[in-house]
Peer 1: 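Take this structure, written in structure tokens, and hold onto it; I'll ask about it next.
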Amino acid sequence: MTAAPTADTAPHQDFEVRPFDAPVGAEIVGLDIGRPINEADFRRIHRAHLDHHVLVFRDQQITPDQHIAFSRRFGPLEIHVLHQFHLEGHPEILIVSNIKKADGEPLGLGDAGAYWHSDISYKPHPSLGSLLHAQELPSEGGDTLFADQHLAWEGLSPGMQQRILPLKAEHSYLAKYEELRAKNPWRPKLSQAQIDKVAPAVQPVVRTHPETGRKALFVSEHFTTRIVGLPQEESDALLAELFAHSVKPEYVYRHLWAPHDLVFWDNRSLMHLAAGTPDELRRKLYRTTIEGDLPF
Ligand code: SIN
């Protein structure tokens with residue numbers, strides 16, 4: 001029997017990187033994630049990810065194991081605190097879905113991404129990047145928006161840049177949890193063990209990308225609760241100004257999903273938002289989340 005190709009022996013895949021006519025993002029055309037990817041091809045994908053921050057791989061008919069294996073090439077994977085929505089047998093996959101099971105229980109996290117955020121910024125080591133794979137799409141709605149936080153930083157006045165550069169902010173998974181639960185009572189009540197796993201973390205308000213050295217704004221309406229050391233009123237006013245600035249249309253790419261899209265974004269460069277799906281239409285995606293470094 002011939003051995004299956006590995007990262008060293010896999011044949012080259014002839015793919016193209018086509019930047020979008022948008023502030024961020026590129027489509028990777030001609031790559032099959034389900035086939036082994038050799039080191040040289042992997043390095044090109046990695047470079048494209050650093051350059052464009054969000055990569056779209058169309059029509060990837062991959063299994064959860066292949067999704068996980070590709071994600072792992074970039075680093076160890078996070079296990080999401082909401083174990084209720086792990087894909088059975090694959091705790092590395094979080095189900096993002098508004099579908100209800102036959103017993104009326106939610107299949108997945110239906111309101112994931114309801115506010116702008118960067119994944120896992122509430123942990124000391126926030127995520128490097130996330131990969132969302134379309135399983136079932138609504139006939140309308142369900143788009144995902146991505147905002148470039150390098151451009152957001154560069155778009156601030158020199159005075160504001162100087163003011164916020166030394167600041168730190170608290171991020172908390174619980175910041176909007178009860179508000180979301182009031183709107184969506186299917187959201188599970190967190191156990192004490194779950195709460196203990198998501199103690200708030202303090203992050204720089206401006207972070208430096210560990211691979212490109214570019215600065216990015218790093219606060220979000222979903223998870224950032226306060227600027228450390230500022231009176232609450234001043235902190236609220238500054239955060240409101242930064243939140244509004246960080247998602248200006250000129251920093252945003254809007255992804256319209258197509259069947260079997262795999263979308264891979266850089267949480268160190270971007271924030272994202274789920275635009276929402278009409279309740280009566282079904283939407284299901286699988287998400288892996290790669291662990292990242294300590295921000296600086
Ligand atoms: C997320 O925030 O991970 C989900 C985004 C989406 O469902 O579009």
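Both ligands and their constituent atoms are indexed starting at 1 by order of listing. Bear in mind the structure is a predicted one, so any value in this text is a computation, not a measurement.
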Peer 1: Taking distance alone, with N or O pairs closer than 3.5 Å, would you say His272 contacts ligand 1?
Peer 2: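 The answer is yes, given that His272 and ligand 1 share an N or O pair closer than 3.5 Å.
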Peer 1: Below 4.0 angstrom from a heavy atom of Gly113, which ligand 1 atoms are there? Numbered from 1 as shown, please.
Peer 2: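 So the answer, numbered in order with elements, is 2 (O).
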Peer 1: Of all the atoms in ligand 1, which lie at a distance below 4.0 Å from a heavy atom belonging to Thr144?
Peer 2: 6 (C), 8 (O)
Peer 1: Mind checking the CZ-NE2 spacing from Arg18 to His52? Nearest 0.5 Å is all I need.
Peer 2: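 That separation rounds to 12.5 Å.
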Peer 1: In ligand 1, which numbered atoms sit nearer than 4.0 Å to a non-hydrogen atom of Val96?
Peer 2: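 Those qualifying, in numeric order: 7 (O).
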Peer 1: Could you check whether Glu39 pairs with Arg73 (Lys NZ or Arg NE/NH1/NH2 to Asp/Glu carboxylate O, under 4.0 Å)?
Peer 2: yes
Peer 1: Does even one non-hydrogen atom of Leu285 get within less than 4.0 Å of ligand 1?
Peer 2: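 Under 4.0 Å: no for Leu285.
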Peer 1: Taking atom types as modelled, find out whether Asn38 and His12 have a side-chain donor-acceptor pair closer than 3.5 angstrom.
Peer 2: no
Peer 1: Can you list the atoms of ligand 1 that are under 4.0 Å from a heavy atom of His117?
Peer 2: 2 (O)
Peer 1: Judged by modelled atom types alone, do Ser127 and Asp119 share a side-chain donor-acceptor pair under 3.5 Å?
Peer 2: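 Checked: Ser127/Asp119 side chains show no N/O donor-acceptor pair below 3.5 Å.
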Peer 1: For ligand 1, which is the ligand I care about here, please tell me if Trp265 has any N or O atom under 3.5 Å from one of the ligand's N or O atoms.
Peer 2: no
Peer 1: Under 3.5 Å between some N or O of ligand 1 and some N or O of Arg283?
Peer 2: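 Between Arg283 and ligand 1, an N or O pair is found under 3.5 Å apart.
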Peer 1: For the residue pair Ser269 and His150, confirm or rule out a side-chain donor-acceptor distance under 3.5 Å.
Peer 2: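 Result is yes, a qualifying pair exists.
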Peer 1: Under 4.0 Å, counting heavy atoms only: does His255 come that close to any atom of ligand 1?
Peer 2: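 Heavy atoms of His255 never come under 4.0 Å of ligand 1.
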Peer 1: Could you tell me whether Glu291 and Lys123 make a salt bridge, using a distance below 4.0 angstrom between a side-chain N and a carboxylate O?
Peer 2: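 Between Lys123 and Glu291 there is no salt bridge, as every charged N stays at least 4.0 Å from the carboxylate O atoms.
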Peer 1: For Arg287, is at least one N or O under 3.5 Å away from an N or O on ligand 1?
Peer 2: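 Yes; the residue has a nitrogen or oxygen that sits under 3.5 Å from a nitrogen or oxygen of the ligand.
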Peer 1: Is it the case that the ring center of Phe85 lies less than 6.0 angstrom away from the ring center of His80?
Peer 2: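 Centroid distance His80-Phe85: not below 6.0 Å, so no.
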